[in-house]
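Before any comments, here is the structure.
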Amino acid sequence: MSAFIKRLTCFAAITALGANANALEFSDAERAMIAQHGPWPPTLPRDGSNAASENEAAIRLGEMLFFDHALGNDSRLSCASCHDPGLAFSDGRATGQGRRPLARNTPSLLNLKGNRWFGFGGEHDSLWAQSIRPIIAAREMASSATQVSELLRGRDRYRQYYRTAFGATAQAHAPEQVLVNVGKALAAYQETLLSPRSAFDDFRDALLTGDQAASEHYPQGAQRGLKIFIGAGRCNLCHAGPKFSSGEFANTGIPATNADSGRLRGIERLRANPYNLLGKYNDGDAQQNAVKTRQARPSDRDRGAFKIPGLRGVAATSPYMHDGSIATLRDVVRHYATLDAKRLPAGDAGMLRPLNLSETEIDDLVSFLESLGEE
Ligand code: HEC
Ligand code: HEC
């Protein structure tokens, strides 16, 4: 055999080996869709509405405040009481437990930088406004602008950072301005919280560069689940992009109680909030960054729509959905597999439909979702 033919045979053998081994075949169309779920970590824009976004002193101040029980009235709760760093900044409960029980599940705080809406109903249009809410909400930390400004004026360790971050002392600012700046410092800190890279990211990158050996490390079940996610399941219509969320709202047929109409009430609360981007505390140009807020009008099709959550690290943050009503990832997938089409609003009916997945396909989707977590 000539050397040339030997090389050819050898090449064929390697190709055959690759095809037989772990990696499934992905079409060009599938590759293009998978590419959209990266790269990770992403480059995310700083928040123009928050002059303290990406400011080192503000980040440090926000981190200290996040863990400080003194931020709550009578020192009972800190942000971390509910958003536990050991649980991806959620709490493992179905619904939050403040001074009184809350109606909603406590979401993870990872990957929030660059998002447009905050809260399950999009009650807030900035991370800093969302961060002010629990401080003054009676059911949560039950504090006030006066108490917060006293804390910031009184503690040595806060004085220095506050002045560096905001260019003046807390004494020189009115209590409400101090409260807003505390929200902005908390936001600057939370913007630094990102999910680590996952097995999915390694697979995605290997697939795009044609690194066959590396892509074989990714479990076959997860690869099959990925195909369903971007294919027949059409999960990526809503769980889009590197964060696996379009950042918008949808109705997934989880019964909305009268008490929680989701985005419908969310828009009303957004518009009524004095700290929204149309208000005086927006550090950016409202002509540009408040357009969506100005346009938001409640309409009946928002009833029962909730914010589409990102799915990175989702295996670590059970239970699921805005009300914590689904205990496991398997049950979430089962929910999609057996949707009651009658519960979906007419407009969304084309996006979601019962998937009639087999048990193996459900397992595969779950393996895929698990592969979005820390390796
Ligand atoms: C008593 C528990 C509790 C405390 C204390 C608490 N949170 Fe939350 N947090 C929640 C719950 C529940 C939600 C969901 C609220 C909603 O959708 O209306 C939430 C939502 C959020 C969100 C929105 C995330 C998203 O994906 O849109 C942010 C940001 C946030 N909290 C930050 C904070 C900060 C900062 C503090 C401290 C100042 C804090 N939280 C204190 C329970 C809590
Ligand atoms: C029409 C948009 C849409 C589609 C399509 C969609 N989802 Fe969702 N998904 C949502 C919304 C909205 C929620 C949150 C619902 C709530 O809070 O009540 C959600 C929640 C989830 C959650 C729970 C996350 C958490 O932290 O609570 C998982 C897991 C999930 N979806 C996976 C999937 C999978 C897998 C598919 C495909 C079979 C899919 N989704 C298709 C909109 C969608």
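Whatever order the structure lists ligands and atoms in, that order sets their numbers, starting from 1. Keep in mind it's a predicted model, so treat the numbers as computed, not measured.
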request  = Would you check whether Leu237 reaches within less than 4.0 Å of ligand 2, judged by its heavy atoms?
outcome  =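 For ligand 2, residue contact (heavy atoms, under 4.0 Å) with Leu237 is absent.
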query = Can a non-hydrogen atom of Asn236 be found less than 4.0 Å from any atom of ligand 2?
reply =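 Not so, Asn236 does not reach ligand 2.
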request  = Give me the one residue out of Arg133, Arg104, Arg265 that meets salt bridge (Lys or Arg N to Asp or Glu O under 4.0 Å) with Glu123.
outcome  =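 So the option named by the test is Arg104.
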I need the nearest protein heavy-atom contact for [atom]: residue, atom name and distance, please.
{"atom": "atom 15 (C) of ligand 1", "answer": "Arg133 NH2, 3.9 Å"}
{"atom": "atom 4 (C) of ligand 1", "answer": "Cys82 SG, 3.3 Å"}
{"atom": "atom 13 (C) of ligand 1", "answer": "Pro107 CD, 3.3 Å"}
{"atom": "atom 21 (C) of ligand 1", "answer": "Gln130 NE2, 3.6 Å"}

ask   = Can you check whether Phe26 and Phe203 have ring centres sitting under 6.0 Å from each other?
value =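 Yes: the rings meet the under 6.0 Å criterion.
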inquiry  = Suppose we call two aromatic rings close when their centres sit under 6.0 Å apart. Are His173 and Tyr162 close by that rule?
reply    =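 Yes: the rings meet the under 6.0 Å criterion.
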task = Measure from atom 8 (Fe) of ligand 2 to each N, O or S atom of Thr252 and report whether any distance is below 2.8 Å.
result =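 So Thr252 does not bind atom 8 (Fe) of ligand 2 by this criterion.
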query = Is the distance from atom 8 (Fe) of ligand 2 to some N, O or S atom of His239 under 2.8 Å?
reply =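 Under 2.8 Å: His239 contacts atom 8 (Fe) of ligand 2 through an N, O or S atom.
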query = Does Ser81 come within less than 4.0 angstrom of ligand 1, counting non-hydrogen atoms of the residue?
reply =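 Outside the 4.0 Å threshold, so no.
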What atoms in ligand 1 come closer than 4.0 Å to a heavy atom of [X]?
{"X": "Leu112", "answer": "25 (C), 26 (O), 29 (C)"}
{"X": "Gly98", "answer": "1 (C)"}
{"X": "Gln190", "answer": "29 (C), 32 (C), 35 (C)"}
{"X": "Gln97", "answer": "1 (C)"}

inquiry  = Closer than 2.8 Å to atom 8 (Fe) of ligand 1: does that hold for any N, O or S atom in Cys79?
reply    =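 It does not: Cys79 brings no N, O or S atom closer than 2.8 Å to atom 8 (Fe) of ligand 1.
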Does [X] come within less than 4.0 Å of [Y], counting only side-chain N to carboxylate O?
{"X": "Arg294", "Y": "Asp125", "answer": "no"}
{"X": "Asp302", "Y": "Arg297", "answer": "no"}
{"X": "Arg159", "Y": "Asp156", "answer": "yes"}
{"X": "Arg31", "Y": "Glu25", "answer": "no"}

inquiry  = Are more than 12 heavy atoms, taken from residues, nucleotides or ligands other than Asp285, located less than 6.0 Å from that residue's CG atom?
reply    =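 Above 12, so yes.
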Ligand 2 contact on [X] by region, counting heavy-atom pairs under 4.0 Å:
{"X": "Asn105", "answer": "neither"}
{"X": "Tyr336", "answer": "side chain"}
{"X": "Asp323", "answer": "neither"}
{"X": "Leu311", "answer": "side chain"}

[X] heavy atoms, cut-off 4.0 Å: which ligand 2 atoms fall inside?
{"X": "Pro309", "result": "11 (C), 13 (C), 14 (C), 19 (C), 20 (C), 24 (C), 25 (C)"}
{"X": "Leu329", "result": "29 (C)"}
{"X": "Cys238", "result": "1 (C), 2 (C), 3 (C), 4 (C), 5 (C), 42 (C), 43 (C)"}

Between [X] and [Y], is there a donor-acceptor pair closer than 3.5 Å when you use the side chain of the first and the backbone of the second?
{"X": "His239", "Y": "Phe244", "answer": "yes"}
{"X": "Asp283", "Y": "Ala51", "answer": "yes"}
{"X": "Arg263", "Y": "Gly304", "answer": "no"}

Is any N or O atom of [X], backbone or side chain, closer than 3.5 Å to an N or O atom of ligand 1?
{"X": "Trp117", "result": "no"}
{"X": "Phe120", "result": "yes"}
{"X": "Lys307", "result": "yes"}

message = Checking side-chain polar atoms at under 3.5 Å, does Asp331 have a donor or acceptor matched by the opposite partner on Tyr320?
response =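 There is no such pair between these side chains.
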ask   = To the nearest 0.5 Å, how far apart are CD1 in Ile267 and OG in Ser299?
value =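 Interatomic distance, Ile267 CD1 to Ser299 OG, rounded to 0.5 Å: 7.0 Å.
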ask   = Which N/O/S atom belongs to His83 and is the closest one to atom 8 (Fe) of ligand 1?
value =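 In His83, the N, O or S atom with the shortest distance to atom 8 (Fe) of ligand 1 is NE2.
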